[in-house]
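Everything below concerns the one structure shown next.
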There are 2 protein chains.
Amino acid sequence: MSKRRGPSLKTATAPELGAYTHICDAIALLFRPYAEVVLHDLTTETVVYLANPFSKRELGEPSLLHEIDFKPSDIIIGPYEKVNWDGRRIKSVSAVLRSDDKAIGILCINVDVSHFHAVMQTLNALVSVPQIAEKPVSLFKEDWHERINEYIQSWTRERGLSISEMNRVQKQQLVTDLAGDGAFGGRNAAAYISRVLGLGRATVYNYLKRKDPV
Amino acid sequence: MSKRRGPSLKTATAPELGAYTHICDAIALLFRPYAEVVLHDLTTETVVYLANPFSKRELGEPSLLHEIDFKPSDIIIGPYEKVNWDGRRIKSVSAVLRSDDKAIGILCINVDVSHFHAVMQTLNALVSVPQIAEKPVSLFKEDWHERINEYIQSWTRERGLSISEMNRVQKQQLVTDLAGDGAFGGRNAAAYISRVLGLGRATVYNYLKRKDPV
DNA sequence: GACGAAAAAGTCCAAATTGGACTTGACGGT
DNA sequence: ACCGTCAAGTCCAATTTGGACTTTTTCGTC
């Protein structure tokens, strides 16, 4: 019945946490391809198992628990929202695993909700009535990925274009406009924008240089 | 209240059909950006008005009514499904406009359902249980766009990749496999595949040549 | 079934883009 | 202040690209 799934998980021998790896697999299989499950060993504070990984986590890496401000008394942490390295939005929960009341591990479930956001956008475009002043809303966005996404969306909507059908000139113009509004401030913003626009990172820098030939 | 919408419609002076142009606009506005409305003049058999155009129709072009096997006795034609020049799927209805019982025009509404197909795919991936043999289903697909889409989907799913994150080698491999299964048979298939893979048309031919250096 | 027009298939190349390796710079922890 | 790490930005040979081009196929008409 249970097939060995080759490329979609990463294994390492684990202590008494071994029993939990199947739970990780089960969850990942159920929600495939949207869920990633990460098993942390608290004694070593490293990642000991990955099912359907899409973050850049690797086996044996430090768990970076402080990022989710984990306290040993916690039972469940979250749900909370993160941004993946490639800008996709992830919704997560973590459960603390105990043996004899001692915390030995953490099982962390990460769900990629980006496709569902796309769904909401499609439906929202159908349902919503065009608003005149929605600027204030966007100012509240904390994460610059979101701000850039919205900027690009409104930029393209205004001209009735979509990223995939834009030619070089139009993309260069968009890059220039983004730069003009300081979109390249966030860390890794250049890399992110280049990925979103379907350009090479080098190309983005070329465009920027071409517009600012100091 | 009513704003002039500049770039999103194309106008030509029309006879007594003029009254219908506002209806076209109204429908297009309501379903924007998913609906395109085309007004045909039956006396000249040409397109006289376009609201929110996304097909490549132009004003003054012949209506090509036989494509939808129009008979003057019809009141409503469809709904039926078409494939847009870029592979997007379109759902259409047409209403025959009459004056004194004489057919004078056709009002044709085209809805771009491709985004909704994407929505269904996202939800389907969440809901459905992996099937082993679904081949028979896909054999029934008549339109080669669909067949290619499915081929690419299962190809990428098998390897846990997505088109946007594939490198050149992987894309070349996919092109080769597509060619091996005769995917380049349909008309315009090469152009379509190149667009879907985010490659230039020339590049696809390069790949094909590189694999078949007769 | 031949003919011509129009579309698609395929070729070609100068110019643009790219991945990847590199150098430089910025930040954070100790 | 120092060091290690990661992002910013530069650079270049290899690859890809748009667009113009030629050849082939398709299709409607006679």
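No hydrogens, no waters, no symmetry mates; every other heavy atom, side chains included, goes into these values. Numbered from 1 within each chain, the chains take letters A, B, ... in sequence-line order.
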In whole Å, what is the span from the NZ atom of A/K209 to the P atom of C/dA16?
14 Å

Ignoring backbone atoms, test whether B/R201 places a side-chain nitrogen or oxygen under 4.0 Å from the OP1 or OP2 oxygen of D/dA20.
no

Can you pull out the residues from residues 170-199 of chain A that lie within a 4.0 Å heavy-atom distance of DNA chain C?
A/G198, A/L199

For residues 94-114 of chain B, the ring pair (Phe, Tyr, Trp, His ring centres under 6.0 Å) pairs (sequence neighbours left out) are none

Going by side-chain contact (heavy atoms from CB on, under 4.5 Å), name the residues that satisfy it together with A/T156, two or more places apart in sequence or in a different chain.
A/I152, A/I163, A/M166

Between A/L178 and A/I193, is there a side-chain heavy-atom distance shorter than 4.5 Å?
yes

Please tell me if B/Y205 has a side-chain N or O lying less than 4.0 Å from either OP1 or OP2 of C/dT11.
no

Nearest-nucleotide comparison on DNA chain D, the residue closer to the 5′ end among A/R168 and A/N206:
A/N206

Residues passing the side-chain hydrogen bond (donor to acceptor under 3.5 Å, both in side chains) test with A/S194, sequence neighbours excluded, are none

Nearest-Å distance, CZ (A/R210) to C1' (C/dA15)?
10 Å

Can you give me every donor-acceptor pair (side chain of residues 181-190 of chain A, partner residue at least two apart or in another chain, under 3.5 Å) with its distance?
from	atom 1	to	atom 2	distance (Å)
A/D181	OD2	A/Y151	OH	2.7

The ring pair (Phe, Tyr, Trp, His ring centres under 6.0 Å) partners of B/F116 (sequence neighbours excluded) come to B/Y34

Reckon A/Y207 has a side-chain N or O less than 4.0 Å from the OP1 or OP2 of C/dT17?
yes

A/L208 CG - D/dT10 C1' separation (whole Å)
13 Å

